[in-house]
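Data block below; observations after.
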Amino acid sequence: MSSTTIARRSKAAGFDRLREPLTGREVFRARAACGVEVWVAPMPGYRRCYAMMTTRYGSMDTHLPDGTRLPDGIAHFLEHKMFQTPEGDVFDLYAKRGASANAFTTFTHTSYLFSSTSRFEENLDTLLETMDDITTDEVGIAREKGIIGQELAMYDDDPGWRGYFNLLQALYRRHPVRIDIGGTSETIAPIDADILERAHAAYYNPRNMVLTAAGAVDPAAVLAQVDATLGTRGRGRRHRRRATAEPRGVARRELSESLSISRPHALLGLKDRPGRGVRGRIRRRIQGSMLMEILFGDGGRIQAPLYRSGLVDDTLSAGYEAETDYAFALVSAEVDQVDPYRRALLKALRAAAKDGLTDEEVERCRRRFLGRHLRVFNGPEPCAHWMLALALEGAEPGALVESLRGATRAALQRHLRELVAAPCAWSIVTPRE
Amino acid sequence: MATRTRTRDVPVTREIAPGVRLHLLRTDRFTTSFCRVALHRDLGAEATATALLAQVLQSATRRHPSREALGHRLGDLYGAALHVSVGKLGDRQLLVGSLEWPTAHVPRAGRLLAEGLELLREVWSEPLRTTVDGEEALDPDIVRTEQVNHVRALRSRRNDKARYAVARCLETICADEPYGLDAQGREEDVKAADPVTLARLHRRLIRTAPIEIYFVGNLGLREATAAIRRHLLWPERSTRVRRVPRVGSVRAARNRPKRIVEDDAVTQGKLVMGLRAPIRGGTAAGVAAETLAGVLGGGSYGRLFKIVREEHGLCYYATAGWHRPKGVLLIHTGIDPANEAAARRLILKLSREVAGGVLEASALEGYRQDIAHRVAALEDSPRAMVGWLQERLALGLDPSPRSFLDQVMRVTPAAVRRAGSRLALDSTFYLRPQAAAGEVR
């Protein structure tokens with residue numbers, strides 16, 4: 001447990017009461033009898049409630065536990081199908097109560113959510129019940145293929161999306177992060193009722209799921225409702241994704257695609273090594289994110305001179321992503337001329353690694369991150385997503401603050417030198433002639 | 001420690017200087033304060049220069065004379081988010097500068113409110129200046145850089161196909177009206193917006209443009225007024241405030257609908273259909289027209305989603321929205337080119353049905369509940385509340401979200417039919433896929 005987090009057991013409610021160290025706000029965490037992990041943040045004064053049910057099943061889960069290879073894009077396909085029940089479309093139930101519902105699939109998980117300002121209990125019931133079963137009529141599956149086909153076609157025209165996945169394909173040789181979350185029209189074509197049901201049975205069970213709720217909500221009532229709706233018998237098992245043995249080198253140095261755009265998009269990926277253990281992983285992710293901010297944030301070490309030179313504009317952005325078995329930094333920009341930009345960017349990265357960082361840069365970045373973290377409490381939605389990240393990571397509410405304090409200049413410099421020396425790849429999206 | 005919450009979510013409005021109104025939303029719900037300053041002006045010949053000015057203002061100030069210096073200052077304020085941009089509200093162009101920054105839970109929190117407001121004043125009123133041929137000018141290097149960037153941004157509008165298609169359809173519908181112009185202006189006007197021109201424009205705007213200031217944070221009216229006057233308002237205000245055009249102006253659809261087809265090397269076609277009626281926003285007919293748009297395509301309860309997407313599987317998204325200041329109903333979908341004709345016919349059929357007052361009970365109920373939820377949720381988001389206030393006040397409408405909800409609840413199928421009878425197709429824009437998608441090399 002983090003030293004900055006005060007935890008005590010509230011036996012009556014069955015919750016751990018955790019305190020976020022910066023604001024002192026309380027977060028409640030419990031394991032429901034059926035196995036669902038429940039996180040609740042009451043936010044006094046807010047009108048909205050935001051609840052999200054998440055299964056630890058995403059596009060990187062390419063196999064069933066028995067080893068059966070799943071079609072690429074099936075996690076996302078399942079997400080679409082979960083809204084259909086024998087009684088009709090789940091969206092209709094939410095709409096009748098004025099709730100706004102949605103879902104999304106990521107590399108590692110799939111989340112279903114609603115936001116409401118009234119009738120929270122009924123909506124939560126719907127959310128919980130929806131996860132328990134799947135309706136798989138062949139007509140509906142065929143129709144869904146058409147709808148998803150159009151969703152994929154929309155992304156095919158999006159230079160940001162295409163550039164990003166081309167970069168992952170260039171960076172990774174084997175790791176399933178290189179697979180597009182939605183798959184392709186070809187990979188989803190063979191999906192049928194049988195495989196959807198098997199995937200659902202394997203991954204949509206209480207022990208593999210997390211419920212996060214924030215806003216005008218009562219933790220004890222939420223937990224009681226989970227027990228009442230999903231039962232008190234523990235079911236299923238938590239899915240732990242097997243690490244992929246990914247070679248250190250990149251798959252390709254460069255991948256290009258041409259689209260109907262006004263000028264090239266250039267993405268540089270630096271293939272990092274992930275941290276070990278929960279704390280190590282969080283620490284490394286925060287350090288990587290801090291480095292990207294110091295170098296490429298507004299007025300940053302590399303951003304400012306590149307901007308002044310006219311090589312980049314405000315489309316320059318950078319980020320850092322990490323999971324248990326992969327990590328990479330990403331720098332993206334729309335540019336007029338790719339080669340001069342590439343040379344300037346790589347030269348600036350090498351110079352930053354050689355020259356090191358200043359205490360002022362590190363302290364300013366720490367402040368920025370604290371300020372960003374505070375915004376978690378500016379609404380039920382960011383708060384529920386923050387709790388989900390903690391739950392999936394197995395972390396405590398004080399993890400960020402603790403990692404920020406531990407991110408010393410020396411540690412950041414070491415990480416920067418490693419990043420700059422790491423295998424790298426480019427994804428270039430060029431204007432179609 | 002339990003969180004104490006005190007909320008005053010009814011906005012209080014005061015004129016605090018000639019042509020300057022403060023709208024205060026007092027709340028201690030948020031961990032940051034939010035302040036938006038919006039200058040209103042006509043949307044016309046100076047649109048490009050005003051858009052460029054926004055970029056220049058957020059590049060540097062007298063005290064923070066570079067992007068580095070300004071960026072560092074924002075970092076010191078715990079990652080304050082500064083955003084200066086232009087937008088359009090009906091036939092007006094808005095030059096908007098806002099700051100969101102932590103004012104609690106961090107060291108020196110007591111001083112941060114004033115420091116944030118002072119930075120916002122600097123950005124608005126103290127750009128980096130020099131003289132060129134004896135005339136005051138904004139910094140030529142910055143202007144030159146931002147001219148190049150602005151041209152790039154204007155050209156890249158086509159990259160986002162969905163937004164581009166919507167913009168092209170609106171541009172066609174309102175071809176001879178200010179609203180037809182993009183708030184970012186036109187490429188051919190960029191060169192003329194030189195450092196001297198921009199300095200003149202800046203001086204004129206901050207002296208004479210009507211200004212709306214929105215503040216969301218934990219301050220009472222007296223404290224907020226004092227803080228804004230002391231730390232944000234600049235002294236160079238004229239007592240003569242410039243008049244601006246009305247936000248809303250409506251007219252009937254053209255006699256013969258216009259159809260524009262543009263080819264592009266994309267995978268998915270984008271179809272945008274614009275219908276129009278001489279119905280003013282906020283009137284009973286206007287609220288009925290909004291209900292019409294909502295029932296047709298306001299969400300997953302709407303007819304477009306139910307029929308075009310779910311029943312026929314023709315698209316991933318199909319939405320309809322009502323542009324209050326202009327009386328325009330815009331329908332937008334992304335489709336397989338093989339299905340364009342079928343989708344277009346189906347959308348028009350559904351539009352005619354709803355406009356004829358055939359309101360599916362579940363869709364009407366879904367829309368009403370959706371509005372009730374949105375109205376209640378406004379209080380939870382400073383930006384959403386400010387956006388709502390900004391439009392309602394500019395249109396001269398009651399700013400109370402609750403009274404809008406009451407209006408929506410009173411709309412009958414007969415009222416929708418009456419509004420629908422005035423609605424006609426004006427223009428269609430279709431971005432047609434020309435060739436296969438990109439090949440990966």
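Reckoned from all heavy atoms, side chains included, excluding hydrogens, waters and symmetry mates. Proteins come first, then strands; the chains are lettered A, B, ... in the order of their sequence lines, and each starts at number 1. Bear in mind the structure is a predicted one, so any value in this text is a computation, not a measurement.
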Proximity breakdown for [X] and chain A, heavy-atom pairs closer than 4.5 Å:
{"X": "Ile142(B)", "answer": "neither"}
{"X": "Ser156(B)", "answer": "both"}
{"X": "Ala104(B)", "answer": "backbone"}
{"X": "Ala69(B)", "answer": "neither"}

Is chain B contacted by the side chain of [X], its backbone, both, or neither, given a heavy-atom distance below 4.5 Å?
{"X": "Glu363(A)", "answer": "neither"}
{"X": "Arg97(A)", "answer": "backbone"}
{"X": "Val376(A)", "answer": "neither"}
{"X": "Glu293(A)", "answer": "neither"}

Any side-chain heavy atom of [X] sitting closer than 4.5 Å to one from [Y]?
{"X": "Thr145(B)", "Y": "Tyr307(A)", "answer": "yes"}
{"X": "His105(B)", "Y": "Arg25(A)", "answer": "yes"}
{"X": "Tyr316(B)", "Y": "His80(A)", "answer": "yes"}
{"X": "His72(B)", "Y": "Glu360(A)", "answer": "no"}
{"X": "Lys96(A)", "Y": "Ser362(B)", "answer": "no"}

- [ ] Nearest 0.5 Å please: distance from the CG atom of Asn159(B) over to the CD atom of Glu334(A).
- [x] 6.0 Å

Open item on the list: Rounded at 0.5 Å granularity, tell me how far CZ in Phe30(B) sits from CE in Met43(A).
Closed with: 9.0 Å

Open item on the list: If I compare all heavy atoms of Thr31(B) with all of Leu374(A), which pair ends up nearest, and what's the gap?
Closed with: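 The pair with the smallest heavy-atom distance is OG1-O, 2.7 Å.
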
Task: Name of the residue among Thr315(A), Asp336(A), Asp314(A) meeting side-chain contact (heavy atoms from CB on, under 4.5 Å) with Arg152(B) - done: Asp336(A)

- [ ] Apply the side-chain contact (heavy atoms from CB on, under 4.5 Å) test between Arg367(A) and each candidate in Leu74(B), Leu77(B), Asp76(B); give the one that qualifies.
- [x]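 Going through Leu74(B), Leu77(B), Asp76(B) one by one, the side-chain contact (heavy atoms from CB on, under 4.5 Å) with Arg367(A) is satisfied by Asp76(B) alone.
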
TODO: Begin with the C-alpha distance, continue with both residues' side-chain angles, and end with the deciding distance and a verdict on salt bridge (Lys or Arg N to Asp or Glu O under 4.0 Å) for Arg48(A) and Asp380(B).
DONE: CA-CA 7 Å; Arg48(A) 261 186 324 145; Asp380(B) 288 354; 3.6 Å; yes

Task: Pairs of heavy atoms under 4.5 Å with chain B: top-ranked of Ala99(A), Gly371(A), Ser118(A) - done: Gly371(A)

Task: Contact leader toward chain B among Pro380(A), Gly310(A), Ser115(A), where contacts are heavy-atom pairs under 4.5 Å - done: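 Result: the option with the highest number of such pairs is Ser115(A).
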
- [ ] Before giving the answer on side-chain contact (heavy atoms from CB on, under 4.5 Å), spell out for Asp313(A) and Glu146(B) the whole-Å C-alpha distance, their side-chain angles and the decisive distance to 0.1 Å.
- [x] CA-CA 9 Å; Asp313(A) 53 24; Glu146(B) 294 310 326; over 6 Å; no

- [ ] Using only heavy-atom distances, determine whether the side chains of Tyr46(A) and Arg29(B) contain a donor-acceptor pair under 3.5 Å.
- [x]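 Side chains of Tyr46(A) and Arg29(B): no pair found under 3.5 Å.
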
Task: Donor-acceptor pair between Thr32(B) and Asn378(A) side chains, under 3.5 angstrom - done: yes

Task: Gln150(A) backbone acceptor or donor facing Gln268(B) side chain under 3.5 Å - done: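 Confirmed, Gln268(B) side chain pairs with Gln150(A) backbone.
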
Task: Among Arg158(B), Glu310(B), Arg155(B), residue most engaged with chain A (heavy-atom pairs, under 4.5 Å) - done: Glu310(B)

- [ ] In plain terms, say whether Glu68(B) and Arg308(A) are close enough for a salt bridge, that is, a side-chain N and a carboxylate O under 4.0 Å apart.
- [x]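 A salt bridge is present here (some side-chain N lies under 4.0 Å from a carboxylate O).
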
Open item on the list: Looking at Arg375(A) and Glu100(B), is there a salt bridge between them, counting it only when a charged N and a carboxylate O are closer than 4.0 Å?
Closed with: yes

Open item on the list: Walk me through whether Tyr317(B) and Met154(A) qualify under side-chain contact (heavy atoms from CB on, under 4.5 Å).
Closed with: CA-CA 10 Å; Tyr317(B) 70 90; Met154(A) 184 175 77; 3.6 Å; yes

TODO: List the steps, then state whether side-chain contact (heavy atoms from CB on, under 4.5 Å) holds for Lys161(B) with Ser260(A).
DONE: CA-CA 9 Å; Lys161(B) 308 300 175 189; Ser260(A) 168; 3.1 Å; yes

